[in-house]
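The structure appears below as structure tokens.
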Protein chains: 2
Amino acid sequence: MKATVPITAVGLKAACAQCNLVELCLPFGMSDSELHRLDDLVGARRKIKRQQPLYRAGDPFEAIYAIRTGSFKTDVLLEDGREQVTGFQMTGEILGLDGISTELHSCNAVALEDSEVCVIAYDRLEELSREVEGLQHQFHKVMSREIVRDHGVMMLLGSMRAEERLAAFLLNMSQRFTARGFSAAEFHLRMTREEIGSYLGLKLETVSRAFSRFQDEGLVTVQQKHIRILDNAGLKKLIQHQQRAC
Amino acid sequence: MKATVPITAVGLKAACAQCNLVELCLPFGMSDSELHRLDDLVGARRKIKRQQPLYRAGDPFEAIYAIRTGSFKTDVLLEDGREQVTGFQMTGEILGLDGISTELHSCNAVALEDSEVCVIAYDRLEELSREVEGLQHQFHKVMSREIVRDHGVMMLLGSMRAEERLAAFLLNMSQRFTARGFSAAEFHLRMTREEIGSYLGLKLETVSRAFSRFQDEGLVTVQQKHIRILDNAGLKKLIQHQQRAC
DNA sequence: CGGACTGTTGAGGAACCTCAATAGGTGTGG
DNA sequence: CCACACCTATTGAGGTTCCTCAACAGTCCG
């Protein structure tokens, strides 16, 4: 019953110009002529099965990845078994930027569902972004956005209470689903309570209880991983502080 | 008695080739010929008095900054007055990367002591890094390092307990002082207990108590902001998990 | 259909926070 | 140079939030 195909099957070449994720992804804002030069850059696609790693901490860094379908989590594991989820990534988002600094990946990227990524060889990205101004600029923005996002998470972990954290998490998910053309009010979480908890610096029981309380208060409907937001404003009110990107 | 000079006095041009911080700063790893091209890039220096902001959240983004002397904190303020310190920066470190993504700064950078920075106009940095490969590469590494560092803080905030956080903080400071040629065992913290607490997701009283416990256990000597590490291994043991960069 | 994984709920405890009093340090102006 | 005010740090007592442990229910998958 063992699968004989390698987990990392190599697929067709990507074509950014034809991809409907352009607006969410690395090529955003680039001109048509610039866009076509990316076809040299974006190599093969790679399929990753649910629960399988795209890369692991310590792996040599060679490429960054744009998510074509599916979703991922990134995490850091500690010697004593503790796990810190550092992010959840959806289609169009870029994985692997952590590897540039030491030329080794510093965290694990694991598929939350069967997924597919576009492989972007890093040396070629540097090469091309020396020639294509729009690519260079957009790449820098992507990295900067990751920094800003991380600051937001630090804010969440450092200064907010359990219910505020979960509310912020739900609103963030809702917003990202919206950007991808899905419903803002109703969606399916791909991660477990434990993974949400790890991301939010909470135990899974605390996440579960917070969900239940939100449901009792009529803010959301929760059925396992299926979430329906009933009172968006109510959730926003929970996080008093203006919800900036940072 | 009021100072008549503007807070942001413009000084001499920087000269990376002559600067003793080269190994810690943006030009790291660049060849001599590449290095000299930076003189075009690094514009004026700017002095910032203690407690004064280098930039604020919402300011238009135009430049990044390399710290020449002194130190800074970056933070995000919430509507209700809560502050989250997102980092402490020392000489040679780069400030302002958060601004690239939206072309507005997303946090505040405040001097912890009288400081001086090199101003690096961002559009010229992009321009020059299209021509100077070493600059491009090093700039990307700097951004990536920031992401990895942020993941480390998320780990700290999400998975560690008060004493572990403070131990990790002290070891990190010690290591950074060492890299700058100062003593690893004895140093002067530039930030208050409240700022440390904000950074570590703790209240200032908790930080103070943890310091006292460390002192009782013979790990450190604490006199206000003056720290002496007596038992480095003991601190390391406190954070069970291997202390990786991430 | 059975087993494993995932999620919910309860009871009790630990870690950290809040409030408060006090001491120590720093800087300014008389 | 001292006195005062203000800021910073320490310490204690009591409270709250979240964690731990545990039992059980629901769901998914072979």
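Proteins come first, then strands; the chains are lettered A, B, ... in the order of their sequence lines, and each starts at number 1.
- Here B:R209 lies in heavy-atom contact (under 4.0 Å) with a base.
- In this structure, CZ of A:R161 is placed 17 Å from P of C:dC16, rounded to the nearest angstrom.
- Counting all heavy atoms, side chain and backbone alike, A:F88 lies closest to A:E195 at CZ-O, 3.6 Å.
- At least one side-chain heavy atom of B:I196 sits less than 4.5 Å from a side-chain heavy atom of B:F211.
- Ion pair B:E93/B:R149 not flagged as a salt bridge, since none of the NZ, NE, NH1 or NH2 atoms sits closer than 4.0 Å to an Asp/Glu carboxylate oxygen.
- A straight line from CG of A:L166 to P of D:dT17 spans 16 Å, rounded to a whole angstrom.
- Computed from coordinates, the A:Q51 CD to D:dC28 P distance equals 15 Å when rounded to whole Å.
- Across the protein-nucleic acid pair, A:F211 atom CZ and C:dT6 atom C1' stand 13 Å apart, rounded to whole Å.
- The distance between atom NZ of B:K225 and atom P of C:dT26, rounded to the nearest whole Å, is 9 Å.
- A centroid separation of 6.0 Å or more is found between the aromatic rings of B:F187 and B:F182.
- Atom NE2 of residue A:H151 and atom CD of residue A:E146 lie 10.5 Å apart, to the nearest 0.5 angstrom.
- Distance A:L112 CG to C:dC5 P: 18 Å, rounded to the nearest Å.
- Put simply, B:S212 has a side-chain N or O that comes within less than 4.0 Å of OP1 or OP2 on D:dT11.
- Taking atom CD on A:Q223 and atom P on C:dT8, their separation rounds to 11 Å, with Å as the unit.
- Put simply, the side chain of A:I239 reaches to within 4.5 Å of the side chain of A:L171, judged on heavy atoms.
- Among all heavy-atom pairs drawn from B:E83 and B:S198, the shortest one is O-OG, 2.9 Å.
- Checked for salt-bridge contact, B:D114 and B:R50 miss the test: no charged N lies under 4.0 Å from a carboxylate O.
- Around CZ of A:R56, the count of heavy atoms belonging to other residues, nucleotides or ligands within 6.0 Å does not exceed 12.
- Rounded to an integer number of Å, the gap from B:Q224 CD to C:dA23 P is 15 Å.
- Phosphate proximity of D:dT17 to A:T206: absent, as no side-chain N or O sits under 4.0 Å from OP1 or OP2.
- Proximity of residues 189-205 of chain B to DNA chain D (heavy atom under 4.0 angstrom from any strand atom) is restricted to B:T192, B:R193, B:L204, B:E205.
- With axes fitted over five pairs at each extremity, the angle between the ends of the helix from C:dC1-D:dG30 to C:dG30-D:dC1 is 50° (10° resolution).
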